[in-house]
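One-based numbering along the sequence shown.
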Amino acid sequence: MKITVIFEDTGIEEEHDFDAKPRAGELVTLVRDGKEADYIVIIEPDPDHTHDNGRDGYPTKARVRPA
């Protein structure tokens, strides 16, 4: 699933592929500028699912910081 990631250190938004919904506190590896780096999800996407495909839909944005 494609999710827009907001990088806390730069404020940049980029779309990334995820196998599952990212959760707060989770460590994720993302590729930026051709380099892999680890990030911690600090704010998971909209928990009440108002901006996705309904109750069983998937979140659309997550905020991360460098690990």
Correct closest heavy-atom pair for Val41 and Pro22 would be CG2-CB, 4.0 Å
Could you go through residues 24-36 and list every donor-acceptor pair under 3.5 Å that involves a side-chain atom there, pairing it with any protein atom two or more places apart or in another chain?
residue	atom	partner	partner atom	Å
Glu26	OE1	Arg23	N	3.3
Thr29	OG1	Asp38	OD1	2.7

Can you name the residues that form a side chain to side chain donor-acceptor pair (under 3.5 Å) with Glu14, not counting sequence neighbours? His16
Hphob cluster co-occupancy, Ile6 + Met1, side-chain heavy atoms under 4.5 angstrom: no
Single-linkage hydrophobic cluster Phe18~Tyr39, side-chain heavy atoms < 4.5 angstrom: yes
Working to the nearest 0.5 Å, report the span between CZ of Phe7 and CZ of Arg63. 11.5 Å
Nearest atoms (heavy-atom pairs only) where Lys2 meets Glu15: CD-OE1, 3.2 Å
